[in-house]
Amino acid sequence: MTGSDLIGMMILAAGLFAIGVFGVLARRGIMFQLIALEVALSGPALGFVAAGAYHADPQGQGMFILVLTLAAAEVAVGLALFLRIRRTAGSDDSDIISGMKG
Amino acid sequence: MSLLLAIYAGAFALVSGAIAVTRPNAVHALLYLVVLLLALAVAFFALGAAYAAVLLIMIYAGAIVVLFVFVVMTMPVSPESVTRERASLRGAWPLPLLLSVLILAPFVFGEFGVAGTSAAAPVSAQEVGRLLFGPWALAIELASLLLLAGLIGVRHIGRSDRTPRSRP
Amino acid sequence: MASLLPFVPVPALIGFLVLSLMPVALSRTVVIALGVGAAVLPAILFAPVAVSCLEGGCVAGAAVPILSIDVGVFVAQIAMSLDPLSMVTGGTVALVAALVLIYSGAYMASEPLPDLRRYFALMNLFLAGMLAVVFAADVILLFLGWETIGLCSFMLIAFYTKLPKAVSAGRKALITTRVADAFLLAGLMMLFLSAGTTRLDGMLAAVPAMDPWRLAPIAGLIALGALGKSAQFPFHTWLPSAMAGPTPVSALLHSATMVAAGVILLARLAPLFAAAPEISAMVAMLGILTAAAGALIALIQTDVKKLLAFSTMSQIGFMVLALGLGAPAVALAHFAIHAAFKSLLFLSAGVMSHASGGSTAIEALRGARYRQPWAFWSFAIGAASLAGLPVITAGWYSKEAVLAAVWSSGPCGVPLWLLAATAAMLTGAYAFRVVFVAGSQSADLAAPPWGGAAVMVPLGVLTFVAVVGGLSVGALIGFTGGAPEHIPLLPTLLGAAAPILGVVLARQLVRHPRELERVAHRLRHVRAFRIEILYYYYFVRRFRTIATVLGNADGTEAAAQAAALRRESIDAPGLAADDPLGRAFGGEAAQPDFIARATDGQTPVVRLVSGDPVGRILIVVARVFVGSFVARFSPDQIDRGWMGFAGSFGHAWEQARRLQTGRVRDHSLWIALGCAALLLYAWGTSWR
Amino acid sequence: MALIALILLPAVGGLIAFFIAGQGERERWVAIATFALMLVLLVAIVAGAPEGRWYAQVSYPWVPSFGISLDFAMDGLSASLIAISAGLGIISVMASWSEIRTQSGLFHASLCWTVAATIGVFLSFDLLIFAFFWEAMLVPAFTLIAVWGHGDREGAALKFLIFNAVAGFGLLAAAFALASMADHMTFNAFELAEMKLSTSVQVWMLLGFSLAFLVKLSVPPFHAWLPEAHTLAPTAGSILLAGVLLKTGAYGLFRFAPMLFPQGLAAVSPYGIALGAAGALYGGLVACGQNDAKRLVAYTSIAHMSIVLMGIAAGVHYALAGAAVEMIAHSFSASALFLLIGALYERTHTRDLRQLGGLQQIAPRFAAAFALFCSALLALPGTANFVGEALVVVGIFQVNWVFALLALSTLIVSVIYATRLLKGLVFGQPRPNAPLADLNWREYWPVLVMSLATLVIGLYPQSLLALLEPAIKAALVLPLP
Amino acid sequence: MTAAQFAALSPLVVLAIAAVAAMMLVPLARIEAAQAAAGAGLALAAGLVLLRVGAPAAPLGALFTDDGLARFGIAYACLASLGALIFLRTGVPAKEAPALLVLVALGAATLAGAGHAATLFLGIEIVSLSLIALFAFRLSRQGLEAAYKFLVMSGLASSALLLGVALIYAETGALDFVGWTGHGALAALGTALLLAGLAFKFSLAPFHMWTPDAFEASPASAAALAGVVSKAAVAIVLLRLFLTAHLPEPVWSSGLAALGAASVLVGNLLALRQPQLPRMLGYSTIAHSGYIALILASGAPRAAEAVLFYLGVYAPAMLGALCVSAALGRAPTLYDLHGLIKRRPLEAIALSLSLLSLAGLPAAGGFIGKLYLLHVLVDRGLWLLLAIVVAGASLGFFYYARFFTAPFLGQSHDEAEPLPRVDQGLLALCVILIVLFGVAPVVLIDVVRLALP
């Protein structure tokens, strides 16, 4: 694996992150934002694995596992919040829940 | 060869990601997310990180996306939400796109001076395991506590509403 | 006996302290006794000092050191001078003050008790301050006294505190003199810095060594200060309105003593001015200008106190003229004589107006000769002295000395003399105008006479001085170090004729208007070249026209402007709204019948509204200044600027909090923005 | 240690007053006792002072790693200002006896703490300790205005706080910059004064210091906080603000500007004089247009403090002596006027000159006191203010006669506003047209004391000047022009 | 594992056990039991750390550093969390809060010792996830809103952080801070993203948007955890990065300076006329983060000492203010504070003193903190940053002063029930500490010196 390959993987990772960011910014539905977050998180995952492969270092995969943990925990909490908000606010539109401002 | 595959798979993941975040229907979006994850797993394989690839499929595609699907199933997608998403996407895409491009631009146009070639040998699953249960034991313990925090949080947020609320 | 000198002002000061600060109620008698006694004691204390001085105890420049204060920065030496100059001036002040206060013991007796107490306290403080000015041999004592009398003047002019006019007049006096005082202070400071001592003799000793470029501004500043206190052009506007105070106050402060303080100062610093000839010339010019203009304006006054005020201006103008021409001794002689006859005039006018219902309008005095013959006659004697009727009055001697000094003062002497002589003639005219009016018959003679020893004694003494004092003029001049000028006979005779001409003119002016009509009628129908007709045609009518134009300020442009400004600047803060510079020169609040009489059928001579065109212009200028400049400062613009600046943050807050929309998308947008900015920056730094 | 006790005494006194407040007037007496004890202590220190400039000195490390130590020293200037602070403290308590009815404990505590902090300012020779007290005095003073003031008191208090606290940054930044230039970290002014700095550096440092001092002095254009703070504060607050707090600005400038930045001060001297002259004229002219008596007096404070600035900036012996005397003279005259106007306000509930008048008839003691202190306002000879202003002007004549004439023109403006005040209050028709309670003893004696002080200093300034002379000499570092 | 290693890790172990125990007690006992368990765990952990003051550092590998800084951070986190526990009033009968609170403390403790990307990441996420649950703890609409906003933004920020770490890792091949010595463009981009991720947790502008909402909607002790505990932990991470890592220089310092300056201005400006006490505190904490970031960005020799001192004086002030806020019910406004001095004198004084300290006025510890800030800025000649600090602090005086006087003004609106003894004790302690640090800062400086090499 050459340096330029690594750069290519990193650009892909950044691309995934950027797409995730786009998703969060452009979407209103809570579910879609959570999905976009997952997309965004997959970027660093790819980055870690690629960098670990480049350096032949197991720590990259170790970090990937931690990212996975976070993704799981975050999705769980996020979905719980989604359900709760749907129950409380009666909507899954994130723009609706903007009571606090200023 | 394998690297070409990795890049191809990564690009595929990128495209599926782009599709996933632009679907107005949640189920479609989830399916593209799964495609993304699978493509990513392929890329991991190609990079020699078989352990990570398996884990990705098992946990991410297997557990997390299922969780999503489960929630989507309990709360069916309403037609209004589809039209709302479509409308919002149509109205609000330029600024987010601009920002995403701006975030990506330094990577695409950057002059990275990473030279040389790495060691050929890929990282084996044993090495990963040794790492995780050796020097990284603390991290794993903490990861469990991270999950514990998530667990308590979900337990609290997801509690049933019938609990009386008057008591302080 | 000279060691008594420092104690001369002390009784007056004690009188002030007792009357003002003692937290004990005093009865009316005690107050009067204290007030009068404290004012008489200085005169008594001064007598032995004067005697010892006359015995040869004092020479020019002698001084009694009192104390020397080491203030760290410099040593302030306080001293009192014991020279002929201070003897003459001090004697005059002490004597006139004693007499005026004795008089006021009767004159003011009917005032409410607290006011009476205040009156005597202030008068005593004034006396102390005036004596300090007179005896000061150092600038500190001098300026202390100088400002004290200024403050007392303010308080006493505004004595009738309920009258807005009086308070305004007081403020006007204080502000005007304060402007002059600032000049004086500047001059004294520069002099002090050049000489390095606070003693006047030390300062004068340093004069010859001084750079003329430094000397001229010093002399100029001091001269301006002195002229301001002496109500000389262009600072004269405060004096006429100062007549809002009680009559004894006018008699003491605004005629005899305080306004002459400038003369005393100039005389004391005569060597300084001798070294600065251009300043002396300026002083002389201002003096003659004031003398002439004051006389002219006095001629057209309808109020006797105003008339006397302008007359004071004019007479002090004579003194200043003499000073400017380098004859301080002559000026001092005229000061002493003038103090006597001017206070006499005020006091007797006060008696007359007292019997005329309190009005000081000249017309109100009609018939005073029959109501109060003794007051009338003493007024007449005073007027004669003021006019300077030859030989028999003291005024003639001193004024003649001034005229002589003018005549012999070099190339410009003759034109100046002519002007001065004209002024002397006008003096006679305005002085006797009152006498003739007061001497004529009047319908109501019922007013009771008013008098008593407290009134008679001062009047008597002053009358005596006004008549006999002339004999001492030569001695006075010699005593203070001058030499009487000897001039040709012609100017002497002409100078003697001027007052007589003036009396004749006065006679014509107070003739009944119907007589004037008759003359005019005759002028139209009878083609006869009679001297009388020519006189009327060319002189009286023209004079009346001029006087009307000058006096009837209501018709002039300046007055219109002033009125307009007044209307506009009602809201202008500070000076304009409360009119500190005094608004009107209207007479004392006369009783209706007198006003009616004064204006009824007396057109147009009597209706010459008392006015002072030059002063009015000054006031208009001041008002414009206030309206356009000071008013700008009333809302504190800097403060507003700051508050606007602070308020802009409130607006910024309003705008900024809109960014905090509360929507997740927008919040995330900022995160993306931050990431993008940081990444772009990092990208930028990685360029090689 | 006595100096530290001098600061601690009011601080502790304030705490006691705060905690024992309740029924009765205990806290008032505690405050009075505190100030009286301070005066006693001060007299004891001065009486037992050794020969030389310093009556007492103490140094005690505070934050050794920063080189901050409690360096306190007292000379004649400090002592006289401290005496005034304590005296005005007593007077403030007496003046607010009937005015303050709510939260009296906190009020008197704030009073004590304000005085404590100002005394800290007057004693400190460590720049950071100076800054500490400098900012510390803002808080209780802010409380005084914000809680017991009139009208839009919160706005006024905020203005006061923000102006002064922001300006304090200039002081702090300059102090740190100065300390960082020393070879070892120290904030001791004596040690810092030994440094040889270039003129331009000195000018920058001086500007930093001056920012704080000028705002506290309230020289235009930094004066905007003062009129409202003085006008809306309770009487005691106005007295302390005018009598003590303003003086800290003058004191700081007087003490530290020549000591630390002699060449810098010389370089900016003309600008300082010009600023002072402009400020004095501006303050006076604005004062002429005020209808609120207290506001008018507040603007006159601006004018007088600008004169102090001129004196210090001129830097010659006369001017410095004048500035020092003017500082003290102004404490008496302005405080007395605020006290009188406050007492009047309590009786009539107005301070509008157009609605008042004729005190001559209805309250002669008021009238006499007003007359005296208005005379002091217009710097009549015989009052302490004249000594100060005349010396300042003499000094400026030595430097530049144009500025001196400008300074003299302020005397002319002063007569306009002083007589306006007199006319509005003392003369005219009696308004309110009813008998007005004259000064009671709690107001009468302070006024009497301040009158005597004004007159004694005015007629016999020798003793005061002798007291101040060492400090003046120390500030006299500029070469004569 | 040696005894020394165990001793070094014992606080984390104790906290973990306490968290689990508090969780286990939820179905078994009343909330007081969970609180007691949490309190005991926190106190024990703090005690264990304090016992080891001065002990030699135990070799724990790259993941966790056992040095003075870590001990300071752990003790700080435990004690501050203990303070937050005292006024933990959630308003719902759910009993999970103490466990979550201990988890926050655990995350913060992890961060304090984090010398490696893994522990950094885990610490941050433990804190974040616990905080999400705590923000939503009332299950009110506002609480859920705040939690959701935090979740989404935290997810984005975590992604950024991770991507940044991945980039640095790609360049340097190291995940421990010591190994981060990259100078290439990858490392520069990585540093930028790392900074973004940390800035979010540190609530620096423009990553601050969650802070005021969280302060307003959540229980005050959750705000305290977010505003004090986690913030201090992130500050220590930043400090450790500053001390040990060699990140690409212009990006790190200038980025931190820019974020700090923006926070100072934005935080103070947005707080300017904010009528709600907790929301105002939220904005104010943004500004304080900005100050700390500026200290770090200055790179002055005393920056480390300054940061720790600032944190030290910041904790009692913020805790005191939030405790009072908690006692006054949900989201008290300026108006609610009126007359507080009559109703509850201790709270009024504590609030005023806290705000005084936050405003940086003397006799309160905040003044010395401000001195440190000015010192480091002047020391490095950063005049522009100094001007920004002055501008921000000037705005700060305005809103602090408004809240400062409110308790003394007006009439009280209602009669409040007396505060529990522990709360009173906490307030008294805060008052004492604020004044102590203001009058005798040497006490705290000595502690800080102990924590630094």
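Quick caveat, the model's predicted, so the values are computed rather than measured. Residue numbering restarts at 1 for every chain, and letters A, B, ... go by the order of the sequence lines.
- A donor-acceptor contact shorter than 3.5 Å links the side chain of E:Thr119 to the backbone of E:Leu63.
- At a 4.5 Å heavy-atom cutoff, the contact between A:Ile96 and chain E is made by backbone and side-chain atoms alike.
- Interface remark: E:Leu156 contributes backbone and side-chain atoms alike to the contact with chain A (heavy atom separation under 4.5 Å).
- When each of E:Leu193, E:Leu161, E:Leu270, E:Val152 is checked for heavy-atom pairs under 4.5 Å with chain A, E:Val152 comes out on top.
- Not a single donor-acceptor pair under 3.5 Å links the side chain of E:His116 to the backbone N or O of E:Phe64.
- Your options are A:Gly43, A:Gly52, A:Ala36, and the one with the most heavy-atom pairs under 4.5 Å with chain E is A:Gly52.
- E:Arg141 and E:Glu145 are not joined by a salt bridge, as no carboxylate oxygen comes within less than 4.0 angstrom of a charged side-chain nitrogen.
- At a 4.5 Å heavy-atom cutoff, the contact between E:Ala136 and chain A is made by side-chain atoms alone.
- No other option in A:Val67, A:Leu41, A:Val49, A:Leu66 has as many heavy-atom pairs under 4.5 Å with chain E as A:Leu66.
- Your options are A:Val21, A:Leu37, A:Leu16, A:Leu46, and the one with the most heavy-atom pairs under 4.5 Å with chain E is A:Leu37.
- Remark: aromatic rings of E:Tyr169 and A:Tyr54 are distant, center separation not under 6.0 Å.
- In this structure, E:Asp176 contributes its side chain and E:Val178 its backbone to no donor-acceptor pair below 3.5 Å.
- No donor-acceptor distance shorter than 3.5 angstrom exists from the side chain of A:Ser98 to the backbone of A:Ser94, with no hydrogens or angles considered.
- Looking at E:Leu151, the atoms closer than 4.5 Å to chain A (heavy atoms on both sides) sit in the backbone and in the side chain alike.
- At a 4.5 Å heavy-atom cutoff, the contact between A:Phe17 and chain E is made by side-chain atoms alone.
- Using modelled atom types and a 3.5 Å distance limit, the side chains of E:Lys201 and E:Ser128 yield a donor-acceptor pair.
- Contact annotation for E:Ala160: both backbone and side-chain heavy atoms come within less than 4.5 Å of a heavy atom of chain A.
- In this structure, E:Glu125 contributes its side chain and A:Leu70 its backbone to no donor-acceptor pair below 3.5 Å.
- For E:Ala174, no part lies under 4.5 angstrom from a heavy atom of chain A.
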